[in-house]
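First the structure, in the form of C-alpha cells, and then the observations on it.
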Number of protein chains: 2
Amino acid sequence: MEHHESHPGHAPLEVLVGRVPIFSQLDDVELKDIAGRVKLRHHRRNEQLYGAGESNPHLMIIHSGHVKVYRISESGHEQLIRVLGEGDFLGDTSFISGAPADHFASTLDAADICTLHHDDLRDYLLRFPTVTYKMLETLSNRLENTERQVSIFAGEGAEHRIAGYLLELAGEQRTSKEQDTTTVVLPIAKKDVASFLGLTPETLSRKFTQFESAGWIRMQPRRTVEIINVPALQQL
Amino acid sequence: MEHHESHPGHAPLEVLVGRVPIFSQLDDVELKDIAGRVKLRHHRRNEQLYGAGESNPHLMIIHSGHVKVYRISESGHEQLIRVLGEGDFLGDTSFISGAPADHFASTLDAADICTLHHDDLRDYLLRFPTVTYKMLETLSNRLENTERQVSIFAGEGAEHRIAGYLLELAGEQRTSKEQDTTTVVLPIAKKDVASFLGLTPETLSRKFTQFESAGWIRMQPRRTVEIINVPALQQL
DNA sequence: CGTAATATTGAGCCTCTTCAAGCGCCGTGG
DNA sequence: CCACGGCGCTTGAAGAGGCTCAATATTACG
C-alpha cells in the first residue's frame, strides 16, 4: 500500500495504464499517448459513479478498489449485476449504444479510477486493433458468464445457486491448498450476495445456517466462510 | 427471391456475405476474399448444429431460417437462450475462449448457414478492424439484453415476464399501426417461449388464459396473439 | 462509543411447480 | 384423401419453495 514515487501524489500513469488488460499489448510510446488522455481520480467509499438515465461519455477503468454495478427494476427491486475489481472497466455499453445507462454504479470501497473519454477511446480502437480485440475478448467472457447465470436463475433453486457461488469463489481465491477445508471471503455484504443470486437476504441467511447444521460449511466473522464438505455442495 | 446467376445453385456468395452485419462495411474485393473461404450449407428442420462438449472451430452465419441456442442443466432442465435469424451468427464464444461449447444449437426450420473457419476469422479480425468493431458492437448489445434478462428473472414474476415478452415482440413486429389492436406471432412454440422465460409450459398456458379472460389479449390459431390492451400489460 | 445499517429467526402466505389426465392439432403413412 | 399416432397444449389438484412482514440481535462505520 505504501508508495514512494518520483512525483508524489501522481503515480506513473503509463505503468498503471499498461496493467489494464485491454491495453496490455501496447508498447511504451502508445501507452504514454493513452496515459496523456486519461484522468485518474480518487473516489471514496459508497460514491455513486453514475446512475440510470445519466449518460457519462467515459470509459472507466478501475485501478484499485471495487465497484458494484446494479439495476433497480420498476418494482423497486435492486439487482446486483456484477462486481468489478482491479483492471476491469465499465461504461463500455453506453459507448457502443450511445444511449444513457440503464443501471447504477457505486464504489464499494475507496477506489482509484481512470476515465477515458469516449471520443479518445474510439480513436484508440481504430488505431490499435489489439485493443479492440482485447475488449472483444472481455465482452465475450462476460457474455458467457451472464448467459450461464440466466440458465441458473431459470432452472436451479436457491441452494444450488448459493453452493455454486461459494464454489466459484473458492476457485478464484485458491490460495494454499494445503488445508483440506477451503475458506473463502465474501467480496460483498450478504445482502448484496443475496441480490446477486436473485434471493432475499432472509433466504440466504436461512440456507447458510442450514448448510452449517448439515456440516458442510462454517460461518466465521468478517464475511468468511469455511467450506468443509466440497462434494456435498457440488452435487446440489 | 428469384435469382438468375451465371452459376446456378451457387448463389452470389459475396453478396450474401456483404449482407451480414459484421461484414457490411467491407468493399467488394474484401468481400470476395471472404466469400472464397466461406462454405454455404443447407440444413433441414430440427437439425442439430452442435452440442455441449463438442468444439466445432467455425463461426456460423445464418443466411436464412432460424436457429435456437439452448442449454441443458445438470438437472435436465432445458433453457432456451436465444433465437437467431438472418444475419446473426453463433460460435463466437468458442472462438474467443477456445473451449468446447457448453450449449446446444439446432435449426428451427430449414436454414442456409455459412461457416467460416476460426483460423480464417482470426485472419480477418486482424486485417479488417471494422469487422472486429462490428463484432464488438454485436456482443455488447447481446450482453445488454442478457443482463436485462437476468434482472427480470431475478426480480419479476411470471406475468411480468410474459407481458414484457409480448410487448417486445410487438415492438419488433411493428407492421402497420393502423389497427388499434396489435397482433404478434410467436416465433417459436409455446413450450419454447416458456423455456425462454424460465417458466413451465403449464404456467405460461394458465397466464395466457388469464390474460384472455381479463380482456387483455386474444389467442388465435397458429401462434398468433392479438394484444387488445397494451397499457394493462405494460403496468404489470 | 453510539448509532444506523446489516443479519438472523419466526410465522403465514402466495406463487409457481409437479404430477396426472384429456384434448387438439399436425404431419405421416397407408 | 383419410386414419392414425405423436407431440404440443390445456386444465385440474396438491405440494413445496421462496417471499413478505415483523421483531430481535449483531455488526460495522463514522
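Values in this document were obtained by computation on a predicted structure and should not be read as measured data. Every chain is numbered from 1 and lettered A, B, ... according to where its sequence line falls, protein lines coming before strand lines.
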Does a donor on one side chain sit under 3.5 Å from an acceptor on the other, for B:S75 and A:E156?
yes
Distance criterion of 3.5 Å, no angle test: do you see the side chain of A:R223 paired donor-to-acceptor with the base of D:dT26?
no
Which sits closer to the 5' end of DNA chain D, A:P221 or A:T203, going by the nucleotide each is nearest to?
A:T203
With nearest nucleotides of DNA chain C determined for A:T209 and B:E159 from heavy-atom distances, which residue corresponds to the more 5′ nucleotide?
A:T209
Taking only the side-chain heavy atoms of A:T200 (C-beta and beyond), determine which of D:dC19, D:dT10, C:dA7 contains the nearest atom.
D:dC19
Answer yes or no: side-chain N or O of A:E202 and base N or O of D:dC21 forming a donor-acceptor pair under 3.5 Å.
yes
No-hydrogen, no-angle side-chain donor-acceptor test under 3.5 Å, B:R142 and B:N145:
no
Nearest-angstrom distance from the residue atom NZ of B:K190 to C1' of D:dT11
14 Å
For C:dG10, does the base pair up with any side-chain atom of A:R206 as donor and acceptor (N or O, under 3.5 Å, distance only)?
yes
Side chain to side chain donor-acceptor pair (under 3.5 Å) involving A:Q220 - partner list, sequence neighbours excluded:
A:E226
If you round to the nearest 0.5 Å, how far is CD1 of A:I61 from CG of A:D88?
10.5 Å
Find which nucleotide of DNA chain D each of B:M219 and A:A158 is nearest to by heavy atoms, and output the residue with the more 5' nucleotide.
B:M219
At under 4.0 Å between heavy atoms, what does A:L204 touch on the DNA or RNA strands: base, sugar-phosphate, or nothing?
nothing
